[in-house]
*Asks:* 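Before I ask anything, here is the structure I am working with.
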Amino acid sequence: MPDTVKALLEGGPQDLPARIVPVDTSGPDLKIELRNGYEHFRATPRHANTPEGSLQVYEWWERTEMPG
């Protein structure tokens with residue numbers, strides 16, 4: 001079983017459930033569901049040392065609300 005690719009999230013709401021998350025490598029952005037909306041993070045060229053090793057940093061750039 002291959003290792004899961006993970007990223008470090010930077011910025012955005014303080015109450016995100018996790019700052020180290022799995023990454024879907026199909027695109028440059030991550031979308032995290034939180035409080036009836038989505039927090040959007042974009043990949044940066046930076047990496048950070050974490051307890052899980054060197055991870056790519058994704059920066060928060062916007063929030064969108066779920067319809068309804």
Side-chain angles (χ1 to χ4, degrees):
M1 173 184 246
D3 290 334
T4 301
V5 176
K6 295 184 180 180
L8 176 66
L9 303 181
E10 188 174 85
Q14 294 296 316
D15 61 340
L16 282 172
R19 289 289 168 171
I20 296 177
V21 298
V23 176
D24 175 0
T25 57
S26 65
D29 297 345
L30 292 177
K31 183 167 71 170
I32 307 294
E33 188 175 336
L34 183 69
R35 293 188 317 271
N36 200 39
Y38 293 100
E39 304 301 331
H40 298 266
F41 293 82
R42 285 193 174 151
T44 72
R46 296 182 293 122
H47 285 75
N49 290 325
T50 75
E52 298 193 34
S54 179
L55 300 178
Q56 186 171 13
V57 176
Y58 281 64
E59 290 180 327
W60 181 87
W61 66 278
E62 78 171 343
R63 174 177 173 76
T64 56
E65 297 292 324
M66 288 185 195

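The basis for the numbers below is simple: all heavy atoms, side chains too, and nothing from hydrogens, waters or symmetry mates.
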*Asks:* For Lys31, which residues count as a salt bridge (charged side-chain N to carboxylate O under 4.0 Å, His left out) partner, sequence neighbours excluded?
*Replies:*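 Scan of Lys31 (salt bridge (charged side-chain N to carboxylate O under 4.0 Å, His left out), adjacent residues dropped) gives none.
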*Asks:* For Arg63, check salt bridge (charged side-chain N to carboxylate O under 4.0 Å, His left out) against everything at least two apart and list the hits.
*Replies:*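 Checked Arg63 against salt bridge (charged side-chain N to carboxylate O under 4.0 Å, His left out); matches are Glu39, Glu65.
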*Asks:* For residues 13-32, which residue pairs pass the ring pair (Phe, Tyr, Trp, His ring centres under 6.0 Å) check, not counting sequence neighbours?
*Replies:*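 Qualifying pairs: none.
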*Asks:* Output the rest of the hydrophobic cluster of Met66: all Ile, Leu, Val, Met, Phe, Trp and Tyr residues reachable through side-chain heavy-atom contacts under 4.5 Å, sorted by chain and number.
*Replies:*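 Reading the cluster by chain and number, Met66 sits alongside Tyr38.
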*Asks:* Closest heavy-atom contact between Thr50 and Leu55?
*Replies:*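 That would be OG1-CD1, 3.6 Å.
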*Asks:* Going by salt bridge (charged side-chain N to carboxylate O under 4.0 Å, His left out), name the pairs with one or both residues in residues 13-22, residues two or more places apart or in two chains.
*Replies:*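 Listed by first then second residue: Asp15-Arg35.
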*Asks:* Supply the members, apart from Leu9, of the Ile/Leu/Val/Met/Phe/Trp/Tyr cluster built from side-chain contacts under 4.5 Å; use none for a lone residue.
*Replies:*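 Besides Leu9, the cluster holds Val5, Leu16, Val21, Val23, Leu30, Ile32, Leu34, Phe41, Tyr58, Trp60.
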*Asks:* Among all residues two or more places apart in sequence or in another chain, which pass the side-chain hydrogen bond (donor to acceptor under 3.5 Å, both in side chains) test with Arg46?
*Replies:*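 Per chain and number, Arg46 pairs via side-chain hydrogen bond (donor to acceptor under 3.5 Å, both in side chains) with Glu10, Glu59.
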*Asks:* I'd like to check the side-chain hydrogen bond (donor to acceptor under 3.5 Å, both in side chains) partners of Ser54; sequence neighbours left out, ordered by chain and number.
*Replies:*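 Residues passing side-chain hydrogen bond (donor to acceptor under 3.5 Å, both in side chains) with Ser54: none at all.
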*Asks:* Arg42: which residues meet the side chain to side chain contact (heavy atoms under 4.5 Å, CB included) condition with it, sequence neighbours left out?
*Replies:*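 So Arg42 forms a side chain to side chain contact (heavy atoms under 4.5 Å, CB included) with Asp29, Trp61.
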*Asks:* Is there side-chain contact between Thr64 and His40, with at least one heavy-atom pair below 4.5 Å?
*Replies:*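 With C-beta onward as the side chain, the pair touches.
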*Asks:* Enter the distance from Leu8:CG to Gln56:CD here, rounded to the nearest 0.5 Å.
*Replies:*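 Leu8 atom CG to Gln56 atom CD measures 10.5 Å (nearest 0.5 Å).
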*Asks:* Just verifying a value: how many Å separate Thr4 OG1 and Asp24 CG, rounded to the nearest 0.5 Å?
*Replies:*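 Spacing of OG1 (Thr4) from CG (Asp24) equals 11.5 Å.
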